[in-house]
Protein chains: 2
Amino acid sequence: MDIQTVILGFLMTHNMTGYDIRQKFDMSFGFFSGLSFGSIYPALKKMEQNSLITTQFVVQEGAPNKKLCTITDKGREFFQESMRTPLPVDKYKNSFMARLFFFAHLAPDERREMAMAYMDSLEHTQEKLRESEPVIRKHADPFQVLCFESGLRFTEDLKKNIADVLEALEDPGV
Amino acid sequence: MDIQTVILGFLMTHNMTGYDIRQKFDMSFGFFSGLSFGSIYPALKKMEQNSLITTQFVVQEGAPNKKLCTITDKGREFFQESMRTPLPVDKYKNSFMARLFFFAHLAPDERREMAMAYMDSLEHTQEKLRESEPVIRKHADPFQVLCFESGLRFTEDLKKNIADVLEALEDPGV
DNA sequence: TGCTGCATGTAACTAGTTACATGATTGT
DNA sequence: ACAATCATGTAACTAGTTACATGCAGCA
């Protein structure tokens, strides 16, 4: 899903600034993909030029002024169309799997260490997910909760997968 | 893992042309990531300039001439170093999950259709994996086989995950 | 006659990233 | 005094993609 569609998806329900979008994204969508200011602001600019959104300058006291973005009818149409394009076939990109592919060139100890370090990083990810769980259950819609639960399960499955790999690495025949 | 490291990884065991690399990649690594000629050839050029590889022009009859690439000592060092850099934390990018996140804006029928279409594409992926299985078991090293098996399992787990989502979508409360 | 395989390469494009620049306010 | 939060934006860079250009050999 491209950045424009994601932004429009957020604007479907609330008017937001670029800063708000970043925050919302980080909280709810952050384990799927990242979104930096360096991509948000240029995207908003382009979207305004294409009349997918309008912006309203809001003067604030005690905080910097801001630009509140509102989705237009054209923007809603764009979002709906983009939501209905066929899904691409995903590649199962995974940094550890890419390493594993060339494990023959590492020493047995290094292999185990690397697999264990990856397992640790998965546990860390899981912890962070659990921390954000109450906020999501409270503020997200049922599909977003479903999405979150799938993310949890995804991580859990991957951990089991890596545990199996670790076991195989202990086998002196490998 | 960047493209240079992957290419060097292949060259660790065999001298190859850009064309060979593409083929090998597609067969064994293709479900993790893609590699097009448009990135292979510029990468090889850069690697030769940086003395990570040397190339040898091979004149052929009945087939186009080719450039056989050989890894240098510097290339081996580069590969070993790169294999030992800390693994980045992966994002769980998944086109269907990104859609699911905004399912509130689709009609119930559309939601189910999309989930089922994604399930079909996963089954298609699995079929292709099973087709390449005998070739991999025969030619790949034990770690690459482990990698392949993890890929199979990954797909299987994802299918179960999506099946759960589909079930939740049938619930009239969602 | 036209498709597939072998083989290399460039040009234009897509889609992001990080680092930098600016600057007020609030909490420690 | 220093960091964090709010807030917007640009510039240089990274890392790839697709489409195009070339051209011979072998097969149906």
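Every chain is numbered from 1 and lettered A, B, ... according to where its sequence line falls, protein lines coming before strand lines. Keep in mind the model is a prediction, meaning the values are calculated, not measured.
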For DNA chain C, whose closest nucleotide is more 5', that of B:Q60 or that of A:G62? B:Q60
Roughly, in whole Å, what's the span from [atom1] in [X] to [atom2] in [N]?
X     : N      : atom1 : atom2 : value
B:I53 : C:dT8  : CD1   : C1'   : 13 Å
B:L35 : D:dA15 : CG    : P     : 14 Å
A:K93 : C:dG16 : NZ    : P     : 13 Å
B:L44 : C:dG9  : CG    : P     : 8 Å
A:E48 : D:dT8  : CD    : C1'   : 13 Å
A:M27 : D:dT5  : CE    : C1'   : 15 Å
B:L68 : C:dT8  : CG    : P     : 9 Å

To the nearest 0.5 Å, what is the distance between OG (B:S36) and CZ (B:R22)? 6.5 Å
Are side-chain N/O atoms of B:T85 and A:R99 paired as donor and acceptor at under 3.5 Å? yes
I want to verify a distance call: between [options], whose nearest atom is closest to the [X] side chain?
X     : options               : result
A:P42 : D:dT8, C:dC6, D:dT10  : D:dT10
B:I3  : D:dT8, D:dG16, D:dA7  : D:dG16
A:Y19 : C:dG16, D:dT5, C:dT17 : D:dT5
A:A63 : D:dA7, C:dT18, C:dC6  : D:dA7
B:D20 : C:dA7, D:dA7, C:dT8   : C:dA7
B:F37 : C:dC6, D:dT10, C:dT8  : C:dT8
B:S36 : D:dT17, C:dT17, C:dT8 : D:dT17

What is the nucleic acid contact for [X], judged by heavy atoms within less than 4.0 Å: base, sugar-phosphate only, or nothing?
X     : value
A:Q23 : sugar-phosphate
B:G18 : sugar-phosphate
A:D2  : nothing

Are A:F29 and B:F101 an aromatic pair, judged by ring center distance below 6.0 Å?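 Ring centroids of B:F101 and A:F29 are less than 6.0 Å from each other.
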Ring centres under 6.0 angstrom apart (A:F31, A:F154): no
Between [X] and [N], does any side-chain N or O lie under 4.0 Å from OP1 or OP2?
X     : N      : value
A:S39 : C:dA15 : no
B:T17 : C:dT8  : yes
B:K45 : C:dT8  : no

Would you find more than 12 non-hydrogen atoms of other residues, nucleotides or ligands less than 6.0 Å from A:E167 atom CD? no
Using side-chain contact (heavy atoms from CB on, under 4.5 Å) as the criterion, point out the one residue from B:D20, B:N15, B:I21 that pairs with B:T17. B:D20
